[in-house]
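Structure first, commentary second.
First listed ligand is number 1; within each ligand, the first listed atom is number 1. Start at 1 with the first residue, then count along the sequence. Only a predicted model underlies this, so the values are computations on that prediction, with no experimental measurement involved.
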Amino acid sequence: MAILVTGGAGYIGSHTVLALLERGDEVVVVDNLSNASRESLNRVAELAGKAPVTCIGDVRDTSLLRTLFARHDITDVIHFAGLKSVSESISQPLAYYENNVLGTVALLGEMQHAGVHSLIFSSSATVYGTPEKVPLDEQCLTAGTTNPYGTSKLMAEQILRDFSRAQPRFTITCLRYFNPVGAHRSGKIGEDPRGIPNNLVPYISQVAIGKLDCLSVYGNDYPTRDGTGVRDYIHVMDLACGHLAALDHQPEDGAFRAINLGTGTGYSVLELIGAFEKEAGRKVNYRIAPRRPGDIAECWSDPSLAHRLLGWRATHSLDDMIRDTWNWQKKNPQGYQA
Ligand code: NAD
Ligand code: WQD
């Protein structure tokens, strides 16, 4: 019996593959390496003492998926594969709809053909658009996404919901991640963005190591405690555990579920900078810049449904997240390419 992990060479995928292998699951990875390096899976194999079966290919390639389902006794699929840059999605919307929406449709069709009925989908807090309230629970409106990336995730969720109504044997769990950060404790695997990072934590980390000069803090006039944006940062190993919990807690009869994975606590940009300076023992250069278009003031989760349905709770603190990010950054200043 094996678990198919699409996008398993990527940031969250590689940490989840490691957690699966470490508890004894067989894992088959399919990844087209459009935003990852094979080295992440070499490191996973080194840490786990065994390697996943790895197939370099695209989830939209239905004949490839058919072969994988025929060759391996796959019981469940975790679907990470997708594009995730908000800014790129604005300039290349079709690429995002093709990959994130059509990739999901192709995968579902092949799961149905193969009789594999369990799917965990990487969704995002971005489906809530501008929050109607905080903390965000799963009953909150999911209209008004602010960019094509977010819309592609919302569309995929809607397709999965419709599909599960038509196919009641399927159990489909959309895990809505808040802001994933951090790295494995070993510092062997972590987030390796290509080019200049879009996200706050890899950006701060590259300023602290000296690869980038100065962080732009996008706005200090938000209605938050210090004027900067507030987010629910969650350690990537907590996310990995959330996927294992979702696999282990599936309803007997099929179902569609959307579940937040967050800590339930928000931190501001300035608080993140302060935590980083404390951990790294050095100043992080920053300047206040105008607000980034499309950004929201604050966003954090109500993670209680995940606890009720999956028995899962985040266990890592902000200090753990920053410690592990910095450890990964120091050990891999050039990411996996060194
Ligand atoms: P990532 O880019 O590191 O990982 C995605 C992986 O999918 C990469 O290895 C990439 O090469 C692969 N891939 C992309 N398109 C593919 C395709 N068509 N076929 C096969 N492989 C393909 O991103 P991540 O941060 O690990 O995110 C994983 C998932 O979680 C994504 O779906 C993302 O949208 C979602 N998500 C991420 C965040 C975040 O901030 N990191 C937040 C919420 C949701
Ligand atoms: C966090 C805070 C910025 C960079 C994005 C996606 C979301 C999800 C997670 C996938 C904000 C501020 C940032 C910088 C800054 N991804 N910031 N200077 O925007 O909450 O979420 O990643 O699903 O869909 O939108 O994360 O890390 O970009 O920003 O001041 O150089 O840091 O304004 O307040 P965000 P982020």
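Listed for the T228 side chain is a donor-acceptor partner under 3.5 Å among the backbone atoms of V269. In this structure, the side chain of N220 does not engage the main chain of G227 through any donor-acceptor pair within 3.5 Å. Here the side chain of D31 pairs a donor or acceptor atom with the backbone of A9 at under 3.5 angstrom. In this structure, Y149 contributes its side chain and S87 its backbone to no donor-acceptor pair below 3.5 Å. With hydrogens and angles disregarded, a donor-acceptor distance shorter than 3.5 Å links the side chain of Y11 to the backbone of V181. At distances below 3.5 Å, at least one donor-acceptor pair connects side-chain atoms of D58 with backbone N or O atoms of R60.
At a 4.0 Å heavy-atom cut-off, ligand 1 does not touch E191 at all. Residue contacts with ligand 1, taken as heavy atom pairs separated by less than 4.0 Å, do not involve H79 at all. Neither the backbone nor the side chain of A125 has a heavy atom within less than 4.0 Å of ligand 1.
In terms of N/O distances under 3.5 Å, ligand 2 is not approached by K84. Checking only distances, P180 never comes within under 3.5 Å of ligand 1, N or O to N or O. Considering backbone and side-chain atoms alike, V230 places every N or O at 3.5 Å or more from each N or O of ligand 2.
Each of the atoms 6 (C), 7 (O), 12 (C) of ligand 1 lies under 4.0 Å from some heavy atom of G7. Listed by atom number, the atoms of ligand 1 under 4.0 Å from L33 heavy atoms are 11 (O). Listed by atom number, the atoms of ligand 2 under 4.0 Å from L215 heavy atoms are 14 (C), 18 (N), 31 (O). Shown in contact with S216 at under 4.0 Å from a heavy atom are these atoms of ligand 2, numbered in order with element: 14 (C), 15 (C), 18 (N), 30 (O), 31 (O). Near V217, meaning under 4.0 Å from any of its heavy atoms, are these atoms of ligand 2: 30 (O). The ligand atoms of ligand 1 that sit less than 4.0 angstrom from a heavy atom of Y149 are 33 (C), 34 (O), 35 (C), 36 (N), 44 (C).
Taking atom 22 (O) of ligand 2 as the reference point, the nearest protein heavy-atom neighbour is N199 ND2, 3.1 Å. Of the protein's non-hydrogen atoms, the one nearest atom 4 (O) of ligand 1 is G10 CA, 3.5 Å. Protein heavy atom in closest approach to atom 2 (O) of ligand 1: N35 ND2, 2.7 Å. Counting only heavy atoms of the protein, atom 17 (C) of ligand 1 lies nearest to N32 ND2, 3.2 Å. The protein atom (non-hydrogen) at minimum distance from atom 12 (C) of ligand 2 is V269 CG2, 3.7 Å. Looking only at heavy atoms of the protein, atom 15 (N) of ligand 1 is closest to N99 ND2, 3.2 Å. Scanning the protein heavy atoms around atom 24 (P) of ligand 1, the nearest turns out to be K84 NZ, 3.8 Å. Y233 OH, 3.4 Å is the protein heavy atom nearest to atom 1 (C) of ligand 2. Of the protein's non-hydrogen atoms, the one nearest atom 24 (O) of ligand 2 is T126 CB, 3.3 Å. With respect to atom 8 (C) of ligand 2, the closest heavy atom belonging to the protein is S124 OG, 4.1 Å. Summary of contacts: the protein heavy atom closest to atom 10 (C) of ligand 2 is Y149 OH, 3.0 Å. Among protein heavy atoms, the minimum distance from atom 6 (C) of ligand 2 is reached at V86 CG2, 3.8 Å. The protein non-hydrogen atom at the shortest distance from atom 27 (O) of ligand 2 is L200 N, 2.8 Å. The protein non-hydrogen atom at the shortest distance from atom 27 (O) of ligand 1 is I12 CD1, 3.7 Å. Of the protein's non-hydrogen atoms, G82 O, 3.8 Å is the one closest to atom 5 (C) of ligand 1.
Relative orientation of the H79 and F121 rings is tilted, given thresholds of 30° and 60° on the angle between their planes.
Compare F80, Y177, Y11 by their heavy atoms: the one nearest to atom 30 (O) of ligand 1 is in Y177. Distances from atom 29 (O) of ligand 2 to the heavy atoms of R291, R292, R231 put R292 nearest. Checking I204, N179, N198 against atom 35 (P) of ligand 2, the nearest heavy atom belongs to N179. In the candidate list Y177, Y218, Y203, Y218 is nearest to atom 14 (C) of ligand 2, counting heavy atoms. Compare I234, D31, T16 by their heavy atoms: the one nearest to atom 12 (C) of ligand 1 is in D31.
A salt bridge is absent between R323 and E279: the closest approach of a Lys/Arg side-chain nitrogen to an acidic carboxylate oxygen does not fall below 4.0 angstrom. Look at K84 and E191 and you find a salt bridge, because one of the NZ, NE, NH1 or NH2 atoms lies within 4.0 Å of a carboxylate O, short of that distance. A salt bridge links R291 with D221: at least one charged nitrogen is closer than 4.0 Å to a carboxylate oxygen.
When hydrophobic clusters are built by joining Ile, Leu, Val, Met, Phe, Trp and Tyr residues whose side-chain heavy atoms come closer than 4.5 Å, directly or via intermediates, L318 is grouped together with Y203. Cluster annotation: I189 and Y177 are assigned to the same hydrophobic cluster (Ile/Leu/Val/Met/Phe/Trp/Tyr, side-chain heavy-atom contacts under 4.5 Å, transitive).
A centroid separation of 6.0 Å or more is found between the aromatic rings of H15 and F80.
Around atom CZ of R169, no more than 12 heavy atoms belonging to other residues, nucleotides or ligands sit under 6.0 Å away. Under a cut-off of 6.0 angstrom, the local environment of NE2 in H113 is sparse, with at most 12 non-hydrogen atoms contributed by other residues, nucleotides or ligands.
Considering CD of E132 and OG1 of T142, their distance stands at 9.5 Å, rounded to 0.5 Å.
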Could you go step by step and tell me if K153 and E157 meet the salt bridge (charged side-chain N to carboxylate O under 4.0 Å, His left out) rule?
-> CA-CA 6 Å; K153 288 287 168 188; E157 275 205 12; over 6 Å; no

